[in-house]
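Structure first, commentary second.
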Amino acid sequence: MELWKISQKVSDLSDVIPYYFFSLFSSCLSLSTVLVVFSLGTWGVIGIIVISFYVVIPYLLFAVPVQVLFNKHPKVFSLNYFCLYIFFSLPAVFIYSSVLNFDFSMDILTTKNFYAISLLAALFFWFWDSVFLQKKALHHKKGPVKWSLPTLFL
């Protein structure tokens, strides 16, 4: 591979890295805010910050690699991508919950909270991925993105 091609790939990657960070940061804050609000605890802002640090690990291990794959074929607000994020969030939440609780039994699969947290984690990551990364990738490939109802779900 020629040197200028490598330089171009590194340049393209460095342009996208801040968007990965914004997507990850926004997803962590959104999920932790909802978890604190619905736990009805007195954690407040400190709870949001603490839970955000816990939530960033599964997002980095499970969601970001999938996000990098999806960014090769960007689709804004794709329901297929959302379904795949749900698919990957289920084992991520199961493993992370099992590790934090030191309980590897399958009992967690019978709770509504497991499915609610998995769905919310996927929903927030899918939303912020579509806002920050998929839109940017489409903009580079096709020019400015035109938002319309039919293109949101294709």
Side-chain angles (χ1 to χ4, degrees), residues 1 4-39 47-101 106 108-154:
M1 185 178 274
W4 67 271
K5 287 183 181 179
I6 294 173
S7 174
Q8 179 65 30
K9 287 189 181 234
V10 169
S11 174
D12 290 345
L13 184 62
S14 66
D15 289 343
V16 176
I17 288 176
Y19 293 96
Y20 282 110
F21 175 75
F22 292 144
S23 177
L24 180 68
F25 181 75
S26 300
S27 299
C28 290
L29 277 181
S30 301
L31 183 60
S32 61
T33 301
V34 168
L35 290 176
V36 167
V37 167
F38 284 111
S39 69
I48 293 170
I49 294 168
V50 169
I51 292 173
S52 291
F53 282 110
Y54 280 110
V55 170
V56 76
I57 296 168
Y59 271 140
L60 280 173
L61 293 176
F62 289 91
V64 171
V66 175
Q67 184 182 39
V68 170
L69 234 90
F70 289 167
N71 208 23
K72 292 180 181 179
H73 306 285
K75 296 178 185 172
V76 178
F77 295 106
S78 168
L79 291 179
N80 292 335
Y81 286 1
F82 179 55
C83 291
L84 286 169
Y85 278 135
I86 292 172
F87 177 78
F88 284 104
S89 73
L90 290 168
V93 171
F94 174 75
I95 291 169
Y96 201 67
S97 175
S98 298
V99 168
L100 285 179
N101 296 327
M106 301 300 267
I108 192 169
L109 298 176
T110 61
T111 64
K112 290 185 281 186
N113 289 344
F114 168 74
Y115 295 102
I117 292 170
S118 297
L119 183 67
L120 284 173
L123 177 71
F124 289 133
F125 201 78
W126 170 72
F127 176 79
W128 291 116
D129 175 50
S130 292
V131 168
F132 288 117
L133 281 166
Q134 301 298 330
K135 183 178 174 185
K136 174 153 179 55
L138 279 174
H139 180 73
H140 279 293
K141 287 186 176 188
K142 299 179 184 175
V145 176
K146 296 177 183 167
W147 297 92
S148 66
L149 192 57
T151 59
L152 286 178
F153 299 104
L154 297 176

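Please read all numbers here as calculations on a predicted model, not as lab measurements.
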- Report yes if some heavy atom in the side chain of Phe82 is under 4.5 Å from a heavy atom in the side chain of Leu119; otherwise report no. yes
- Sub-3.5 Å donor-acceptor pair from the side chain of Ser23 to the main-chain atoms of Tyr20, do we have one? no
- Message: If I compare all heavy atoms of Phe94 with all of Phe114, which pair ends up nearest, and what's the gap?
- Response: N-CE1, 3.5 Å
- Item | Distance (rounded to the nearest 0.5 Å) between Trp126 CH2 and Ser89 OG | 13.5 Å
- So CZ of Phe38 and CG of Leu120: to nearest 0.5 Å the spacing works out to 8.0 Å
For residues 52-59, please give each side-chain donor-acceptor pair under 3.5 Å, one per line with the distance, not counting sequence neighbours.
residue : atom : partner : partner atom : Å
Ser52   : OG   : Ser32   : OG           : 2.8
Ser52   : OG   : Ile48   : O            : 2.7
Tyr59   : OH   : Ala121  : O            : 3.0

- Item | Nearest non-hydrogen partners of Pro65 and Leu60, listed with the distance | CD-O, 3.4 Å
- Message: Parallel, tilted or perpendicular, judged at 30° and 60°: which one describes the rings of Phe21 and Phe25?
- Response: parallel
- Query: More than 12 foreign heavy atoms under 6.0 Å from OH of Tyr115: is that the case here?
  - Reply: yes
- Query: Once you round to the nearest 0.5 Å, how far does OG of Ser27 lie from CZ of Phe124?
  - Reply: 9.0 Å
- ring-ring contact (aromatic ring centres under 6.0 Å, His included) filter on Phe87, not counting sequence neighbours, yields none
- Task: Would you kindly say whether Tyr81 and Asp129 are connected by a side-chain donor-acceptor distance under 3.5 Å?
- Result: no
- Task: Could you walk me through whether Leu123 and Phe127 pass side chain to side chain contact (heavy atoms under 4.5 Å, CB included), step by step?
- Result: CA-CA 6 Å; Leu123 177 71; Phe127 176 79; 5.5 Å; no
- Message: Once rounded to the nearest 0.5 Å, what's the spacing between atom CD1 of Ile117 and atom CG of Leu31?
- Response: 7.5 Å
- Message: With rounding to the nearest 0.5 angstrom, report the CG to CG distance, Leu79 to Leu84.
- Response: 11.0 Å
- Is the Phe70 to Tyr85 ring centre distance short of 6.0 Å? yes
- Item | Shortest non-hydrogen contact between Val66 and Phe88, atoms and distance | CG2-CD1, 3.7 Å
- Item | Side chains of Trp128 and Leu24 in contact at under 4.5 Å (non-hydrogen atoms) | no
